[in-house]
There are 2 protein chains.
Amino acid sequence: MATGRTHRPATRSRGIPEATVARLPLYLRALTALSERSVPTVSSEELAAAAGVNSAKLRKDFSYLGSYGTRGVGYDVEYLVYQISRELGLTQDWPVAIVGIGNLGAALANYGGFASRGFRVAALIDADPAMAGTPVAGIAVQHTDDLDRIISDNGVSIGVITTPPGAAQQVCDRLVAAGVTSILNFAPTVLSVPDGVDVRKVDLSIELQILAFHEQRKAGEEAAAEGVALEDPDEEAPPMRATPANRKGPDGDMPAVMPA
Amino acid sequence: MATGRTHRPATRSRGIPEATVARLPLYLRALTALSERSVPTVSSEELAAAAGVNSAKLRKDFSYLGSYGTRGVGYDVEYLVYQISRELGLTQDWPVAIVGIGNLGAALANYGGFASRGFRVAALIDADPAMAGTPVAGIAVQHTDDLDRIISDNGVSIGVITTPPGAAQQVCDRLVAAGVTSILNFAPTVLSVPDGVDVRKVDLSIELQILAFHEQRKAGEEAAAEGVALEDPDEEAPPMRATPANRKGPDGDMPAVMPA
DNA sequence: CTATCTTTGTGCACGCGTTCACAAAGACAT
DNA sequence: ATGTCTTTGTGAACGCGTGCACAAAGATAG
């Protein structure tokens, strides 16, 4: 520390990096596990290993929250659990509404990981009139027509969208109009929302596609390492490229060298 | 462009940025929609809007793949669909195995977004003997005991884990041992895998917690804007901090100033 | 009280990703 | 053929996130 005696310069003002926020739940999970085993303190090294991150990163992350550690000892588990919970807003109750009770919506409604962290499934909403009244995960499904009232009555500010892609934007608009300001979107659609509304996206298909990319790369390298004679995989069988030039016909098959 | 006449310097060598790879599926989706509407070409501006990104970013992303656009016109939709599909490895068939057929696993098995992109659910695996043989999404569930054989027989290289957290690491180890090199993990657990194996994590609870953080921040700012007299929300009711000092008893309640 | 040992908190440098802004490239009209 | 207009492709600057490496802080023992 170069500035010898600045007590606490700008720490904790307003602005925990987004990357840090995304890791806090990870730390919280690891800490909760330690807490259940009645472990009193952890070092940054141990906790980092449990959370699967670099210890320096963890220490820097915690430094944004304040100086909660004790040098030479580590962090007090219970105290950190409380501090992180409070920072994340988990000390209060968050009623959540799930819209679109298909396979995925029903699975989420049954998912135990929500209730354990202050999230409460307050309402299930679906557009199918036949589903109205059907209990899913012990909660009666309600119809989309009443969406506005349901959101208001339950004080829902977080909505989960598990509808088919075609309905997602419309549902989103209605949720926002009803007062929802945070949305977790499982539909494969780009949602547009007004400023002040947060959207997080979970896209199963995209995750698989990213894995496929790396998988393909691995397969290619492996083949190359085995000395297989393969042409550049980047260039295999490019179908006719329909540029405006060759689509229109004239000037279509132009020689490589421009005739003067 | 300062280097007047370099035809194609180092582009396309080996190394599409990870951030770009993560966006390619997004572009692909938007392009597929355009293709279905028989739109022949798009400008970077239009496509960027459809994908919800900045147009400069999109152009830079595409530049990593090669020069597939036509200045003054835009990009040929069909051609781009093919190029991105090939780059992502979607021109081949990817057999996928889902392990853990609970609510979520069943929902994924039924999810249509997979088949549409070259992913094929080749096997469903569960540890419950009672489930063996039960058809889910038209596929008979098989027992974990046969995991090795199932993976080998079907040439599965991508595994999806939807087990309870306690079983996730063990299942992961077995998948890797059987030859799986890409894993999509839905269990709230940090998986450790050997080098060469890719893991992507989807954690519903974490996503909600991140939303809660921002939601809390919004609520706080709103209250502050309304002029409500509130103490610093960061400091509300900190419970007794169990530092080693005050946990041990002696030297517990030390005065702020060290007695000489 | 002093010395030693452990672990935090953070300054610093580096690399990746994003964005701006513009020259080059091609289409299109005349 | 020449000029204008549109849109790409990318150099360059900037900002965020990561990780190293170390000094300061506190614990602990003698």
Side-chain angles (χ1 to χ4, degrees), chain A residues 1-12 15-23 40-49 52-76 79-80 243-248 250-252 254 258-260, chain B residues 1-12 15-23 40-49 53-76 79-80 243-248 250-251 254 258-260:
Chain A
M1 191 188 299
T3 58
R5 189 46 75 98
T6 50
H7 296 284
R8 242 198 252 163
T11 318
R12 156 120 52 144
I16 298 176
E18 192 57 32
T20 295
V21 173
R23 280 189 294 269
T41 60
V42 265
S43 68
S44 62
E45 205 70 52
E46 294 165 329
L47 185 54
V53 302
N54 180 298
S55 70
K57 194 188 293 185
L58 178 143
R59 287 199 299 278
K60 182 149 290 190
D61 283 342
F62 285 176
S63 79
Y64 292 118
L65 308 184
S67 284
Y68 293 155
T70 306
R71 300 178 190 226
V73 176
Y75 299 90
D76 182 84
Y79 188 65
L80 249 193
T243 59
N246 60 20
R247 193 187 311 109
K248 288 201 320 181
D251 281 354
M254 198 183 288
M258 194 69 134
Chain B
M1 190 187 299
T3 59
R5 188 47 74 98
T6 51
H7 295 285
R8 242 198 249 164
T11 318
R12 153 117 56 140
I16 298 176
E18 192 57 33
T20 295
V21 173
R23 280 188 294 267
T41 60
V42 263
S43 68
S44 63
E45 204 70 52
E46 295 166 331
L47 185 54
V53 302
N54 180 299
S55 72
K57 193 187 296 186
L58 177 142
R59 287 198 299 276
K60 180 145 287 190
D61 283 343
F62 285 175
S63 78
Y64 293 117
L65 308 183
S67 284
Y68 293 154
T70 306
R71 298 179 190 225
V73 175
Y75 299 90
D76 181 84
Y79 188 66
L80 250 192
T243 60
N246 61 20
R247 193 187 310 109
K248 289 200 323 181
D251 283 355
M254 198 182 292
M258 196 68 133

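As a whole-Å value, the separation of A:L65 CG from C:dT8 C1' is 14 Å. The CG-P distance, from B:L58 to D:dG9, rounds to 10 Å in whole Å. Nucleotide D:dT8 holds its C1' atom 12 Å from the CZ atom of B:F62, rounded to whole Å. The NZ-P distance, from B:K57 to D:dG11, rounds to 19 Å in whole Å. If you take CD of B:E45 and P of D:dG9, they are 14 Å apart, rounded to a whole angstrom.
Residue whose closest nucleotide on DNA chain D sits further toward the 5' end, between A:R23 and B:G72: B:G72.
Counting only heavy atoms from C-beta on, B:A56 has its side chain closest to C:dA21 among D:dT18, C:dA21, C:dG26. Checking D:dG17, C:dA27, C:dG9 against the side-chain heavy atoms of A:P17 singles out D:dG17 as nearest.
Using a 4.5 Å cut-off on side-chain heavy atoms (C-beta onward), A:T70 and A:Y75 make no contact.
In terms of polar N and O atoms assigned as donor or acceptor, the side chain of B:K60 comes within less than 3.5 Å of the base of C:dT19 in a complementary pairing. Counting atom types as modelled, A:R71 pairs a side-chain N or O with a base atom of C:dT8 as donor and acceptor under 3.5 Å.
Within the structure, a side-chain polar atom (N or O) of A:Y75 is placed less than 4.0 Å from OP1 or OP2 of C:dG9. Neither OP1 nor OP2 of D:dC20 sits under 4.0 Å from any side-chain N or O of A:R59. Between C:dC20 and B:N54, a contact under 4.0 Å exists linking OP1 or OP2 to a side-chain N or O. Taking 4.0 angstrom as the limit, B:S44 places a side-chain polar atom (N or O) nearer than this to OP1 or OP2 of D:dT8.
Ring-centre distance between B:Y68 and B:F62: not below the 6.0 Å cut-off.
A donor-acceptor contact closer than 3.5 angstrom links the side chains of A:D61 and A:T20.
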